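Note sheet for the following structure.
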There are 2 protein chains.
Amino acid sequence: MYLRSLLDMAETRGAITVSSDELARLAGVNAAKVRKDLSYLGSYGTRGVGYDIEYLLYQITRELGLTQDWPTALIGIGNLGRALASYKGFSERGFRIAALFDVDDDVIGQQVGGLTVRHLDELKESVNEDGLSIGIIATPPSAAQEAAEKLVDAGVKSILNFAPSVVNVSPDVNIRKVDLSIELQILSFYEQRTQAIAAAREANRRLEIKHRPPR
Amino acid sequence: MYLRSLLDMAETRGAITVSSDELARLAGVNAAKVRKDLSYLGSYGTRGVGYDIEYLLYQITRELGLTQDWPTALIGIGNLGRALASYKGFSERGFRIAALFDVDDDVIGQQVGGLTVRHLDELKESVNEDGLSIGIIATPPSAAQEAAEKLVDAGVKSILNFAPSVVNVSPDVNIRKVDLSIELQILSFYEQRTQAIAAAREANRRLEIKHRPPR
DNA sequence: ACGAGCTTGTGACTGAAATCACAAACTCAA
DNA sequence: TTGAGTTTGTGATTTCAGTCACAAGCTCGT
Ligand SMILES: NC(=O)c1ccc[n+]([C@@H]2O[C@H](COP(=O)([O-])OP(=O)(O)OC[C@H]3O[C@@H](n4cnc5c(N)ncnc54)[C@H](O)[C@@H]3O)[C@@H](O)[C@H]2O)c1
Ligand SMILES: NC(=O)c1ccc[n+]([C@@H]2O[C@H](COP(=O)([O-])OP(=O)(O)OC[C@H]3O[C@@H](n4cnc5c(N)ncnc54)[C@H](O)[C@@H]3O)[C@@H](O)[C@H]2O)c1
């Protein structure tokens with residue numbers, strides 16, 4: 001989040017430095033947290049002045065591993081896979097979708113976002129050729145476990161999973177999930193809660209009016 | 001996560017009950033946490049037996065507000081918006097994409113996933129007509145703030161934002177973000193870290209061999 | 001050179017989330 | 001009915017992230 005705020009700032013404003021206070025506002029967190037977080041990277045601020053934007057950008061970029069390019073494999077070239085494959089926002093931050101895989105013969109061979117979809121069986125050689133280090137799973141949930149295993153087997157130890165299913169991997173593999181249904185469920189939970197409270201308050205109000213003794 | 005694990009279980013296996021231990025394994029958390037979490041819903045388990053899967057499913061569904069239908073507005077019908085609009089997984093869990101909005105005249109009027117794309121200016125009336133209660137933003141980052149404000153203005157208080165930008169709303173609005181670049185950055189951070197450790201260990205090993213005294 | 005005015009870096013503190021651990025409550029076999 | 005074997009529900013405890021608060025350190029005007 002800091003990285004993004006700093007990039008925005010570097011683009012739009014001409015400022016050289018930024019204070020923890022300002023960065024906190026932009027990132028939507030507490031200023032002390034900004035300072036503590038940044039202190040883990042080292043002492044890159046100057047008291048009485050703030051942080052040098054360019055320098056901080058470089059340090060965060062370096063720490064996140066974004067100074068190098070991360071060739072990424074995408075498995076499952078359906079609706080979501082296509083959107084991801086043709087998304088330019090990733091390459092801006094050093095993530096290059098470098099190879100596409102599917103198992104459907106109708107999909108294999110197609111050109112998507114400048115790449116040819118290959119069969120999942122070719123994953124292993126592609127990992128060796130292209131140095132793929134990250135895998136994205138956009139298959140149906142039932143195929144997610146298999147896709148993860150093929151990735152791990154091919155040597156990919158970092159996986160982002162879009163399929164709404166639990167995928168088990170060995171502990172040395174880093175797997176993260178993006179689950180849109182869960183996000184919506186969290187929203188509906190709070191929405192229902194506030195609706196329920198509003199309804200209760202309304203019912204209460206009516207009851208009070210009804211039973212209020214005449215003045 | 002429990003909901004999903006339970007749904008999987010109800011489909012595949014014929015079991016009637018599930019223990020906190022088993023559910024913990026499936027959801028990837030601690031068993032005591034499962035019990036404490038579920039205890040917030042009420043005492044729905046039986047000691048010595050476990051939880052009735054169907055009953056627990058119903059209770060969680062109810063608590064999350066999934067017994068009712070949540071008509072959802074989708075703003076920004078580009079690559080990602082189209083994938084979301086035609087995704088069937090949402091409606092399975094009670095989220096129905098009920099209206100699509102954009103500002104591009106080439107896009108407005110198009111049929112996507114059985115719906116006609118409307119102009120963003122029609123949002124307010126559509127919220128009233130269709131009872132929209134959740135909004136999804138899939139516009140470019142620069143338009144996200146505007147889209148959020150229009151949603152709030154129209155009465156939508158629950159927002160899911162896919163655009164990688166900070167959106168500020170009043171505190172009574174619930175906004176969540178899904179940021180894929182950040183997910184990938186987290187992966188690359190750990191990937192680089194393990195690579196660095198492996199490299200250091202390797203360098204160390206070579207050094208040790210070189211300087212090891214002859215036996 | 002000095003003091004007023006900022007802003008960082010971090011030890012101390014706070015509160016919440018996660019975990020432990022065990023009595024209570026159940027099943028089932030004998 | 002009893003007792004062994006499970007598993008829940010939850011108070012007690014631990015762990016951890018977030019915040020506070022302030023000394024240390026910087027700039028700049030005088
Ligand atoms: N489309 C969305 O907006 C959306 C939103 C949230 C979550 N998801 C999830 O993302 C995943 C993909 O969604 P989608 O809409 O693109 O689905 P989709 O059906 O359009 O595409 C799935 C693709 O995966 C391929 N596939 C199937 N089995 C495979 C295997 N074993 N190995 C490799 N590829 C395989 C299919 O051939 C197909 O091309 C699903 O799990 C879905 O639940 C999608
Ligand atoms: N495509 C992906 O895979 C992907 C992945 C991660 C994040 N995102 C993010 O999701 C968002 C959408 O991505 P995309 O690839 O679909 O972009 P896109 O450019 O394909 O689509 C954006 C759509 O938003 C519309 N739009 C522009 N201004 C608008 C406004 N003020 N109000 C309403 N609609 C407006 C455009 O007309 C267009 O149809 C972007 O913020 C992007 O960064 C996309």
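A note on names: the letters A, B, ... follow the listed sequences, proteins ahead of strands, and every chain is numbered from 1. No experiment lies behind these values; they were computed from the predicted model shown.
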At under 4.0 Å between heavy atoms, which parts of nucleotides 25-30 of chain D does protein reach? Answer with one letter per nucleotide, 5' to 3': B base, S sugar-phosphate only, - none.
BBS---

May I ask you to test the L66(B)-L3(B) pair for a side-chain heavy-atom distance under 4.5 Å?
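Yes; the side chains approach each other to less than 4.5 Å.
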
Sub-4.0 Å heavy-atom contacts from residues 20-28 of chain B onto DNA chain C, ordered by number:
none

Please determine if a side-chain N or O atom of [X] lies less than 4.0 Å away from the OP1 or OP2 oxygen of [N].
X: S43(A); N: dG9(C); result: yes
X: K33(A); N: dT19(D); result: no
X: Y40(A); N: dA17(D); result: no

T139(A) side chain to I75(A) main-chain N or O, any donor-acceptor pair under 3.5 Å?
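No.
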
Does S188(B) use its side chain to pair, donor to acceptor, with the backbone of L64(A) at less than 3.5 Å?
yes

Students often get this wrong, so: under 4.0 angstrom with heavy atoms, is Y44(A) touching a base, only sugar-phosphate, or nothing?
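The residue Y44(A) makes sugar-phosphate contact but no base contact.
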
Give the rounded distance in Å between these two atoms: [atom1] of [X] and [atom2] of [N].
X: L38(A); N: dT8(C); atom1: CG; atom2: C1'; result: 10 Å
X: I53(A); N: dT7(C); atom1: CD1; atom2: P; result: 14 Å
X: D37(A); N: dT10(C); atom1: CG; atom2: P; result: 13 Å

Going by distance alone, is a donor N or O of one side chain under 3.5 Å from an acceptor N or O of the other, for [X] and [Y]?
X: S133(B); Y: E191(A); result: no
X: D21(A); Y: S19(A); result: no
X: S181(B); Y: R93(A); result: no
X: Y55(A); Y: Q59(A); result: yes

Exceeds 12 heavy-atom contacts within 6.0 angstrom, atom CD1 of I16(A):
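No, because the 6.0 Å sphere around CD1 of I16(A) holds 12 heavy atoms or fewer from other groups.
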
Roughly how far, to the nearest 0.5 Å, is OG1 of T61(A) from CG of L56(A)?
9.0 Å

Identify each atom pair where a protein N or O and an N or O of nucleotides 20-22 of chain D are less than 3.5 Å apart, giving names and distance.
unit_1, atom_1, unit_2, atom_2, d
dC20(D), OP2, N30(A), ND2, 3.2
dA21(D), N6, R35(A), NH2, 3.1

Check against side chain to side chain contact (heavy atoms under 4.5 Å, CB included), K177(A) and M1(B):
CA-CA 11 Å; K177(A) 64 170 193 303; M1(B) 291 297 299; 3.4 Å; yes

Given side chain to side chain contact (heavy atoms under 4.5 Å, CB included), test L180(B) with F90(A) step by step and report yes or no.
CA-CA 8 Å; L180(B) 308 186; F90(A) 291 145; 3.7 Å; yes

